[in-house]
Amino acid sequence: MKLVYFSWVKDRIGLSEEDVDVPATVKTVADLLAWLPGRGANFADALSDPTIIRVAVDQEYAQADREITGAIEIALFPPVTGGKS
């Protein structure tokens, strides 16, 4: 599956996207967010607080329990803020 990283997540990981084969045990968004930090210090730094990371599975926002098996693209990004009041 393709993982796409945005904003400071991309900056900390050092990649904008990559194709990965996740282990069979990684079945949900929560599983993915728990597995990724083990890939290196850059991933551990970017994903040190997975509760603030927003995830989209095949371009749809997803909660932690969302199945990712068979997903084509998963995007990870920080909370979106800003705009005019």
Side-chain angles (χ1 to χ4, degrees):
M1 76 183 52
K2 178 185 281 190
L3 299 181
V4 183
Y5 309 108
F6 292 95
S7 189
W8 57 256
V9 176
K10 174 182 74 174
D11 295 340
R12 291 179 186 176
I13 289 175
L15 299 168
S16 60
E17 64 182 52
E18 63 177 328
D19 290 314
V20 297
D21 292 321
V22 298
T25 57
V26 176
K27 297 181 182 190
T28 66
V29 167
D31 294 341
L32 180 67
L33 292 174
W35 174 74
L36 283 170
R39 296 185 64 213
N42 53 334
F43 287 91
D45 177 47
L47 305 171
S48 63
D49 184 359
T51 63
I52 65 169
I53 301 298
R54 301 297 176 246
V55 178
V57 176
D58 293 332
Q59 301 184 1
E60 291 184 9
Y61 284 111
Q63 299 297 319
D65 61 350
R66 167 79 185 266
E67 288 279 333
I68 63 168
T69 306
I72 295 169
E73 178 186 273
I74 298 178
L76 289 83
F77 46 94
V80 178
T81 61
K84 296 181 181 182
S85 43

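Hydrogens, waters and symmetry mates are skipped; everything else that's a heavy atom, side chains included, is used. Treat the numbers as computed from the prediction; the structure is a model and nothing was measured.
- For the pair Ala34 and Pro37, the tightest heavy-atom approach, listed with the atom from each and the gap, is O-CD, 3.5 Å.
- Screening residues 25-39 for salt bridge (Lys or Arg N to Asp or Glu O under 4.0 Å), with sequence neighbours left out, gives Glu18-Arg39.
- Hydrophobic clustering keeps Tyr5 apart from Tyr61 (ILVMFWY residues linked when any side-chain heavy atoms are closer than 4.5 Å, directly or through intermediates).
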Ignoring hydrogens and angles, write down the donor-acceptor pairs under 3.5 Å from the side chains of residues 7-15, residues two or more places apart or on other chains.
none

Could you please spell out the steps behind the side-chain contact (heavy atoms from CB on, under 4.5 Å) verdict for Leu32 and Val26?
CA-CA 6 Å; Leu32 180 67; Val26 176; 4.0 Å; yes
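- With rounding to the nearest 0.5 angstrom, the CD1 atom of Ile74 is 4.0 Å from the CD1 atom of Ile68.
- No more than 12 heavy-atom neighbours from other residues, nucleotides or ligands sit within 6.0 angstrom of CG on Asp21.
- Residues forming a salt bridge (charged side-chain N to carboxylate O under 4.0 Å, His left out) with Arg54 (at least two apart in sequence, or on another chain): none.
- Considering all non-hydrogen atoms of both residues, Ala71 and Asp58 come closest at CA-OD2, 3.6 Å.
- By the rule that hydrophobic residues join a cluster once side-chain heavy atoms approach within less than 4.5 Å of another member, Phe6 and Leu47 end up as members of separate clusters.
- Here CH2 of Trp35 is found 8.0 Å from CZ of Phe43. Values are rounded to the nearest 0.5 Å.
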Please report the C-alpha distance between Leu36 and Leu3 in whole Å, then the side-chain angles of each, then the deciding distance to 0.1 Å, and finally whether the side-chain contact (heavy atoms from CB on, under 4.5 Å) criterion is met.
CA-CA 11 Å; Leu36 283 170; Leu3 299 181; 3.9 Å; yes
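- Heavy atoms from other residues, nucleotides or ligands lying under 6.0 Å from CD1 of Ile72 number 12 at most.
- Residues Leu33 and Ile52 share a hydrophobic cluster, clusters being chains of Ile/Leu/Val/Met/Phe/Trp/Tyr side chains in contact below 4.5 Å.
- The heavy-atom pair separating Met1 from Val22 by the smallest distance is CE-CG2, 4.1 Å.
- Minimum heavy-atom separation, Ala46 to Ile53: O-CD1, 3.9 Å.
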